[in-house]
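What follows is a single structure, written as structure tokens, with notes after it.
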Amino acid sequence: MKILVTAKRVTDPDMKIKVKPDGTGIVTDGMNYKINPFCEIAVEEALRIREKGNQAEIVVVGIGPKEAATELRTALAMGADRAILVLIDKYYDSTVVAKILKKIVEEEKPDLILTGKQAVDDDSNQASQMLAALLGYPQACFASKIELTDGGKKAKVTREVDGGLETIQVELPAIVSADLRLNEPRYPTVPNILKAKKKPLKEVPVDSLGIDVTPKTEFVKMTEPPTRKAGIKVPDVATLVDKLKNESKVL
Amino acid sequence: MAKVLIIAEHSKGQIKKATLSSVTAANKIGGGFSLVVLGKDVKGVADAYAKFGAEKVFVIDGDVFKNYIAENYAEAVAQLIKAQNFEFVFGSATAFTKDLIPRIAAKFDAGMASEVLAVEVSGSDVVFARPMWAGNAIAHIKITSPVKFATIRATEFDHAKESGAVSPVENFAANVDPAKAKVEYLEFAETKSERPELTEARVVISGGRGAKGPEGFKMIEELADLLNAAIGASRAAVDSGWVPNDLQVGQTGKIVAPELYIACGISGAIQHIAGMKGSKVIVAINKDEEAPIFQVADYGLVADMFKAIPELVSAIKASR
Ligand SMILES: Cc1cc2nc3c(=O)[nH]c(=O)nc-3n(C[C@H](O)[C@H](O)[C@H](O)COP(=O)(O)OP(=O)(O)OC[C@H]3O[C@@H](n4cnc5c(N)ncnc54)[C@H](O)[C@@H]3O)c2cc1C
């Protein structure tokens, strides 16, 4: 089988984000970048599916600037076989991402598409569902467990939903987006990092795909969120209860 | 005809209060709104939703809709949107709408704003404010497609009040072939709890890695019982398997804004703070006085939670 996995380059989730004073975006000086943690989980899951004895080619796809090759190399070092980087340098949104991925899926014809449920930079949580709609494929989003069934023709997926866990079975090809509890991604070993440098990584300029990449959203401005001021430290439980009762009146 | 369609959520025959926040957001747009309720035998829910000023409450009812399957629901709602020419489609940001709404949007080649914090209207211009980077930056965006989709963050909009009138409830016969979906619904393992729902509770008490295990959460439960509180958790506590997954509060879990939030043994990572910083009063109990959680806490108590929580239980009991 063939598994297509996404790997988005995002700002390091542990770094502090500051909005530019002119409101045109965030300050990126000195910023580190990483593979989106949810995509990392998706890559790991593809590897585990293969390690369970399924013959699988694992193709990882990224969309972004040339530098996004770094995150694709991370996925290759984890164990993916080859990478595709769609180069785009203008403003794009989830609708554009879905259209680009649709084109790649049409070319690659994977049996399973694994994605991260959201990217921790834009926090949209849209592209996987949109891609599924464009392809007319089933979707199983927010997955915490994936099991191939019916001789690899279907997948049984447990989804993290409100109020519990839901299990559905989808026919392949399908799109499954990873949630946090799906697995714990491995760290690439040094020999594998070296090996990954030689694995194929194809750059595809977005213009060559022949699709309309006009976003359906327009960026107006970026602002700082309201900040919360630190309050006080209370010396003991008695003072805490007193404050909650008599000052903030929430007890 | 109404401008906005709201996908109304329900559970066990009851309306979901979160949906009423979308009503408030729709009222900011103006031009009227309608609601749609999907499911099997959901006329009762539709009647309950008829009290909030909708132009109409549409019902899409049938065996196909008994269980939520994104493909079927998306197709049905898309047909309704086309039939009624809605310009905006909203739903309050829950696991259900986050899964469903982007799928509908793609059918219209339409843009979408996720987890909307504010709707800014000037003339015919509508700008959506939405969080990025775990809420550390707020993007203001316009949607340029003819139909515009959004999930609404329930904590940022008051629940709409009953309007005094009753909206007409109307059946919409959606033409959906379940065979097309290629999805089989297998089961729902419900997290059973007698407590108020996490996103609706007046008080939330959360535990983190500092709770050290299920025993720590037992202690938290005792306090929660006393305050009729919901229980939440950090990712670390959920990952450890001490509490169910859907109790995770944060950027990638639940967003809560109760009157009182008590964080016990939680360090205050940005991803956690993203989910609770809208709370009215925040209390942090942590034995490390440098823990970042204290930077957002109104009242910080530097203490071992295993000592402080039982003390808190006795002190609250004594003060009543
Ligand atoms: C993609 C991604 C998404 C994420 N999403 C979320 C999310 O939605 N929600 C979330 O919460 N996290 C999320 N995280 C994880 C987040 O970064 C932190 O790792 C997590 O919140 C830490 O949990 P914690 O505070 O319980 O644990 P720790 O950071 O380990 O903190 C434990 C705290 O307990 C205190 N403590 C220990 N013992 C005691 C005691 N006896 N009494 C009192 N205090 C004690 C310690 O001083 C410490 O401050 C995400 C991370 C990533 C990468």
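Note that the coordinates shown come from a computational prediction; the quantities given were computed from them, not determined experimentally. Proteins get letters first, then strands, A, B, ... in listed order; numbering begins at 1 in each.
- Residue contact with chain A, scored on non-hydrogen atoms closer than 4.5 Å, involves the side chain of B:V283 exclusively.
- When heavy atoms are compared at a cutoff of 4.5 Å, A:V250 approaches chain B by way of both its backbone and its side chain.
- Here B:S267 pairs with nothing under the side-chain hydrogen bond (donor to acceptor under 3.5 Å, both in side chains) rule; sequence neighbours left out.
- Residue B:A297 touches chain A through its backbone alone, counting heavy-atom pairs closer than 4.5 Å.
- Most heavy-atom pairs under 4.5 Å with chain B: of the set A:V161, A:D14, A:V19, A:L131, this distinction falls to A:V161.
- Taking both residues in full, the closest heavy atoms of B:A105 and A:M130 are given as CB-CE, 4.1 Å, listed atom of the first, atom of the second, then distance.
- Between chain B and the options A:A230, A:P235, A:G163, heavy-atom pairs under 4.5 Å are most frequent for A:G163.
- Dense packing is recorded around NZ of A:K245, with more than 12 heavy atoms of other residues, nucleotides or ligands lying under 6.0 Å away.
- From A:D179, atom CG reaches atom OG1 of B:T252 across 7.0 Å, with rounding to the nearest 0.5 Å.
- Using a 4.0 Å cut-off between charged side-chain N and carboxylate O, B:R130 and A:D123 make no salt bridge.
- The environment of A:E106 atom CD is dense: over 12 non-hydrogen atoms of other residues, nucleotides or ligands sit within 6.0 angstrom.
- With a threshold of 4.5 angstrom between heavy atoms, A:P13 approaches chain B through its backbone and through its side chain.
- Using a 4.5 Å cut-off between heavy atoms, B:E190 touches chain A through backbone and side chain atoms alike.
- In terms of heavy-atom pairs under 4.5 angstrom with chain B, the leader among A:G231, A:A174, A:S94, A:G23 is A:G231.
- When each of B:I316, B:I282, B:V302 is checked for heavy-atom pairs under 4.5 Å with chain A, B:I282 comes out on top.
- Taking every heavy atom of both residues into account, B:S114 and A:S124 meet most closely at OG-O, 2.7 Å.
- Scanning both residues, B:G135 and A:P225, for their nearest heavy atoms gives O-CG, 3.2 Å.
- In the displayed structure, A:K20 atom NZ is contacted under 6.0 Å by more than 12 heavy atoms of other residues, nucleotides or ligands.
- The CZ atom of B:R103 sits 8.5 Å away from atom SG of A:C141, with the distance rounded to the nearest 0.5 Å.
- Neither the backbone nor the side chain of A:A238 comes within contact range of chain B; no heavy atoms are under 4.5 Å apart.
- Counting heavy-atom pairs closer than 4.5 Å to chain A, the top residue among B:A315, B:G300, B:A181, B:S11 is B:G300.
- Using a 4.5 Å cut-off between heavy atoms, A:Q118 touches chain B through its side chain atoms alone.
- Closest of all the heavy-atom pairs between B:V183 and A:P138 is CG2-CB, 3.6 Å.
- In this structure, A:L251 and B:L260 have side chains that are in contact, with non-hydrogen atoms separated by less than 4.5 Å.
- Each of A:F38, A:F142, A:F219 has some count of heavy-atom pairs under 4.5 Å with chain B, and the biggest count is that of A:F142.
- Proximity to chain A is limited to the side chain of B:L227, based on heavy atoms less than 4.5 angstrom apart.
- Of the residues considered (B:S319, B:A113, B:S145), B:S319 shows the highest number of contacts with chain A, using heavy-atom pairs under 4.5 Å.
- Summarising the geometry, atom OG1 belonging to A:T223 is positioned 9.0 Å from atom CG belonging to B:L117; distances are rounded to the nearest 0.5 Å.
- None of A:K18, A:M222, A:M15 except one satisfies the side chain to side chain contact (heavy atoms under 4.5 Å, CB included) rule with B:W133; the exception is A:M222.
- Counting heavy-atom pairs closer than 4.5 Å to chain B, the top residue among A:E166, A:Q126, A:K16, A:E184 is A:Q126.
- Checking each of A:K229, A:R228, A:K243, A:E247 against B:D298 for a side chain to side chain contact (heavy atoms under 4.5 Å, CB included) leaves exactly one that passes, namely A:R228.
- Neither the backbone nor the side chain of B:E197 comes within less than 4.5 Å of any heavy atom in chain A.
- If you measure heavy-atom distances from A:D236 to chain B, the contacts under 4.5 Å come from the backbone alone.
- Contact of A:S248 with chain B is made through backbone and side chain together, with heavy-atom distances under 4.5 Å.
- Heavy-atom pairs under 4.5 Å with chain A were tallied for B:L100, B:I104, B:D239, B:I270; the largest tally goes to B:D239.
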message = Applying side-chain contact (heavy atoms from CB on, under 4.5 Å) to B:D109 and A:K99, what does each step give before you reach the verdict?
response = CA-CA 10 Å; B:D109 193 11; A:K99 284 176 196 166; 2.8 Å; yes
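- Remark: A:K216 NZ to B:K148 NZ distance equals 11.0 Å, nearest 0.5 Å.
- With a 4.5 angstrom heavy-atom cutoff, B:K307 does not touch chain A via any of its atoms.
- Taking every heavy atom of both residues into account, A:V120 and B:Q251 meet most closely at O-NE2, 3.5 Å.
- No more than 12 heavy-atom neighbours from other residues, nucleotides or ligands sit within 6.0 angstrom of NZ on B:K17.
- Between the NZ atom in A:K249 and the CD atom in B:E259 there is a gap of 13.0 Å [rounded to 0.5 Å].
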Quiz item: Please walk me through it: do A:D162 and B:D246 pass side-chain contact (heavy atoms from CB on, under 4.5 Å)?
Solution: CA-CA 6 Å; A:D162 294 338; B:D246 68 322; 5.6 Å; no
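- Using a 4.5 Å cut-off between heavy atoms, B:A137 touches chain A through backbone and side chain atoms alike.
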task = Kindly determine whether A:I232 and B:Y299 satisfy side-chain contact (heavy atoms from CB on, under 4.5 Å), including the steps that lead there.
result = CA-CA 5 Å; A:I232 56 162; B:Y299 304 114; 3.8 Å; yes
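- With chain A as partner, the option from B:H140, B:M132, B:M112, B:R202 having the largest number of non-hydrogen pairs under 4.5 angstrom is B:H140.
- For a residue to count as touching a neighbouring chain, one of its non-hydrogen atoms must lie under 4.5 Å from one of that chain's; by this rule A:Y137 touches chain B with the backbone only.
- Of all non-hydrogen atoms in B:D99 and A:Q129, the two that sit nearest each other are O-CG, 3.3 Å.
- Both the backbone and the side chain of A:D121 have a heavy atom closer than 4.5 Å to some heavy atom of chain B.
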### Message
Go through it in stages, so that I can follow the logic: the residues are B:I69 and A:I168, the test is side-chain contact (heavy atoms from CB on, under 4.5 Å), and I'd like the CA-CA distance, side-chain angles, deciding distance and then a yes or no.
### Response
CA-CA 9 Å; B:I69 287 179; A:I168 58 174; 5.6 Å; no
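- Both the backbone and the side chain of A:L165 come within contact range of chain B, with heavy atoms under 4.5 Å apart.
- Put simply, CZ on A:R181 and CZ on B:R235 are 6.5 Å apart, with the number rounded to the nearest 0.5 Å.
- Only the side chain of B:Q271 comes within contact range of chain A, with at least one heavy atom under 4.5 Å from a heavy atom of that chain.
- A donor-acceptor pair under 3.5 Å is absent between the side-chain atoms of A:T217 and the main chain of B:K142, judged by distance alone.
- Each of B:F149, B:F294, B:F128, B:F188 has some count of heavy-atom pairs under 4.5 Å with chain A, and the biggest count is that of B:F188.
- With chain B as the partner, the residue from A:V234, A:T214, A:T95 showing the most heavy-atom pairs under 4.5 Å is A:V234.
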